[in-house]
2 protein chains.
Amino acid sequence: MAISCGLLAIFLYYRLSTVDNQLISFTEENYLKIIYLLTERHNGNEVSTNQLAEHTQTKAASVSDMLRKLAEKNYINYRKYQGVTLTEAGEQIALSVIRKHRLWEVFLVEKLGFGWDEIHDIAEQLEHIDSKELTKRLDDFLENPKFDPHGDPIPDAKGKMPSVSYQKLSEIPLNQSVVMMGVSVHSPAFLQHLDKQQITLGCDLKVLEISDFDKSYGLLLNNDIRLFVSNEVARNLLVQVQNS
Amino acid sequence: MAISCGLLAIFLYYRLSTVDNQLISFTEENYLKIIYLLTERHNGNEVSTNQLAEHTQTKAASVSDMLRKLAEKNYINYRKYQGVTLTEAGEQIALSVIRKHRLWEVFLVEKLGFGWDEIHDIAEQLEHIDSKELTKRLDDFLENPKFDPHGDPIPDAKGKMPSVSYQKLSEIPLNQSVVMMGVSVHSPAFLQHLDKQQITLGCDLKVLEISDFDKSYGLLLNNDIRLFVSNEVARNLLVQVQNS
DNA sequence: ATATATTTTTAGACTAATCTAAAATTTTGT
DNA sequence: ACAAAATTTTAGATTAGTCTAAAAATATAT
Ligand SMILES: [Mn+2]
Ligand SMILES: [Mn+2]
Ligand SMILES: [Mn+2]
Ligand SMILES: [Mn+2]
């Protein structure tokens with residue numbers, strides 16, 4: 001009985017980063033991850049302080065402090081009032097965190113049977129577990145998945161994000177058959193809404209009509225079922241034309 | 001692409017405890033866990049400030065501060081200068097952390113193929129992941145293990161620690177056949193030392209002699225192999241007489 | 001029993017991450 | 001182009017967790 005033994009508890013806010021042996025906190029990892037994702041969403045444009053405040057659930061003043069600190073550590077390119085982008089070092093940390101987040105999400109769905117709407121908050125915690133060997137073995141255990149349960153691509157062990165070319169369903173011409181590849185909103189409410197209509201990753205979709213009345217989309221699902229989804233839904237479904 | 005969505009990042013030092021909806025930090029969880037394990041090791045006697053300082057890798061002054069705080073939250077019984085024990089509330093938190101630690105250790109060995117000497121530090125991180133549903137599903141996925149890879153019992157979901165009755169190999173009479181059930185030291189060095197001699201959980205051991213020269217133990221392993229282990233090793237092997 | 005040694009607590013200080021309020025800068029609208 | 005609005009940064013505080021040094025309490029040893 002009894003755990004113990006010497007180094008029983010070396011915990012907390014700091015761990016040795018896997019990237020360049022600089023100390024990095026959970027908080028810093030989260031900022032870098034969010035900057036990466038927002039930059040990606042804005043096609044490479046700078047991320048603003050207010051945007052970061054919104055996504056970190058803090059105030060702009062707190063973000064300014066953190067940006068100064070991240071800039072000192074050379075994780076971000078920062079000119080006051082001008083927004084930020086990641087440096088190469090910062091991007092590598094962000095990609096490592098995103099890789100872990102998405103691998104754990106695959107684990108939660110494929111191995112533990114969670115629904116895709118239940119996993120994000122748990123992955124927010126697991127993404128900070130620091131062990132290169134663990135990530136490697138998890139990746140193998142999951143058979144090296146390339147996409148997470150929301151269709152998001154998983155960066156590889158070398159920190160390279162696969163490029164994907166998805167389009168919004170709302171931008172696809174009528175009667176063009178496409179495959180459902182991902183979602184651009186990850187809220188449980190949205191994902192559960194899709195579940196109810198049997199819209200899942202990999203399903204076949206075809207826009208048959210756009211209603212004059214409310215701009216909702218009349219779809220053919222899996223060449224079989226007719227259904228309507230709101231314009232909002234159509235704009236958040238990411239699809240790809242059949243690759244023949 | 002892009003994760004994001006509203007509550008993307010609610011992180012850090014505080015989470016809602018699963019036990020009684022009081023906020024509890026990683027640090028507090030670690031103190032409670034260590035108090036539990038040291039109390040167990042001392043057969044229910046109070047744990048001292050200096051012992052905690054050693055095991056938390058901090059100084060006695062820091063421990064005193066934390067003890068005041070844990071006592072205010074009614075997680076420990078604390079009279080100044082007299083050491084501490086856990087309250088029922090504190091014990092439940094400790095057992096929840098220990099349960100998660102040991103379940104994750106089983107996962108790392110059984111599913112990811114880690115050696116029993118490689119898992120402790122990773123489990124130190126994973127034990128703080130806060131999701132009752134995750135723990136429940138992990139437990140099922142692992143087929144409800146009762147012991148971790150070091151032979152330590154896993155507390156059940158209701159927070160009850162199974163009682164085990166192991167003896168040190170050094171206290172077993174000569175020629176008594178016993179089963180190897182656990183280790184009382186968890187250092188990688190000790191575990192690797194056992195690996196080299198093929199001493200594993202569940203193996204059969206019999207003390208054939210205790211050397212007059214250096215008090216080392218001459219053993220019969222699995223009714224087959226003769227080997228010597230140091231007195232130190234014999235005192236840290238936990239065994240049980242065959243339950244017929 | 002009393003002096004000495006050990007352990008524990010307190011006092012005062014520091015860092016990371018956060019906040020509010022105020023000042024500085026940039027953007028927008030006419 | 002310039003005033004008003006919005007955004008961002010700075011100033012000054014707060015909290016959790018830690019530290020060192022000093023004081024207080026307890027344990028030990030003759
Ligand atoms: Mn997610
Ligand atoms: Mn995802
Ligand atoms: Mn362990
Ligand atoms: Mn263990």
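Note: hydrogens, waters and symmetry copies are ignored here, and every other heavy atom, side chains too, is used. Keep in mind that what you see is a predicted model, and the values were worked out from it rather than measured. Order of the sequence lines fixes the chain letters, A, B, ..., with proteins taken first and strands second; residue numbering starts at 1 for each chain.
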Counting side-chain heavy atoms from CB outward, which of [options] is closest to [X]?
X       : options                : result
B:Lys59 : D:dC19, D:dT10, D:dT18 : D:dC19
A:Ser48 : D:dT8, C:dT26, D:dT9   : D:dT8
B:Tyr81 : C:dC19, D:dT9, D:dT26  : D:dT26
A:Ser62 : D:dT9, C:dT8, C:dT18   : C:dT18

Note to self: Test your reading of the model: is there a side-chain donor-acceptor pair from A:Glu110 to the backbone of A:Leu142, 3.5 Å cut-off?
What the structure shows: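 Checked: no pair found.
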Whole Å only: how far is the [atom1] atom of [X] from the [atom2] atom of [N]?
X       : N      : atom1 : atom2 : result
B:Lys73 : D:dA16 : NZ    : P     : 8 Å
B:Glu46 : D:dT26 : CD    : P     : 14 Å
B:Arg68 : C:dT8  : CZ    : C1'   : 14 Å
A:Glu29 : C:dA16 : CD    : C1'   : 15 Å
B:Lys80 : C:dT10 : NZ    : C1'   : 8 Å
A:Gln57 : C:dC19 : CD    : P     : 10 Å
B:Asp65 : C:dT8  : CG    : P     : 15 Å
B:Ile76 : C:dT8  : CD1   : C1'   : 14 Å

Next item on the list: Answer yes when B:Glu46 and B:Arg79 have at least one side-chain N-carboxylate O distance shorter than 4.0 Å, and no when they do not.
Entry: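 Judged by the 4.0 Å cut-off on N to carboxylate O distance, B:Glu46 and B:Arg79 do not form a salt bridge.
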Check: What does A:Gln51 touch in the nucleic acid at a heavy-atom separation under 4.0 angstrom: a base, only the sugar-phosphate, or nothing?
Finding: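 The answer is nothing, as A:Gln51 stays clear of every strand by at least 4.0 Å.
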Next item on the list: Just call it for A:Thr49: base, sugar-phosphate, or nothing, with non-hydrogen atoms closer than 4.0 Å on any strand.
Entry: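 Sugar-phosphate, no base atom in range.
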Next item on the list: Give a yes-or-no answer on whether the side chains of A:Ser216 and A:Asp214 include a donor-acceptor pair shorter than 3.5 Å.
Entry: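 A:Ser216 vs A:Asp214: donor-acceptor pair found between side chains.
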Notebook entry, point to check: A:Ser184 and A:Asn236: side-chain donor and acceptor closer than 3.5 Å?
Noted result: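 Yes, a side-chain donor-acceptor pair sits under 3.5 Å.
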Item checked: Earlier contact from the 5' end, DNA chain D, for B:Met66 and B:Ala61 ->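 Per heavy-atom nearest nucleotide, the more 5' residue is B:Met66.
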Next item on the list: Considering just the side-chain nitrogens and oxygens of B:Asn50, establish if one lies under 4.0 Å of OP1 or OP2 belonging to C:dT8.
Entry: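 Yes, because at least one side-chain N or O of B:Asn50 sits under 4.0 Å from OP1 or OP2 of C:dT8.
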Margin query: Below the 4.0 Å mark, does C:dT9 have OP1 or OP2 next to a side-chain nitrogen or oxygen of B:Tyr78?
Written below: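 Yes, within the criterion.
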Notebook entry, point to check: Would you call the rings of B:His150 and B:His186 parallel, tilted or perpendicular, where under 30° means parallel and over 60° means perpendicular?
Noted result: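 The arrangement is perpendicular - the two ring planes meet at more than 60°.
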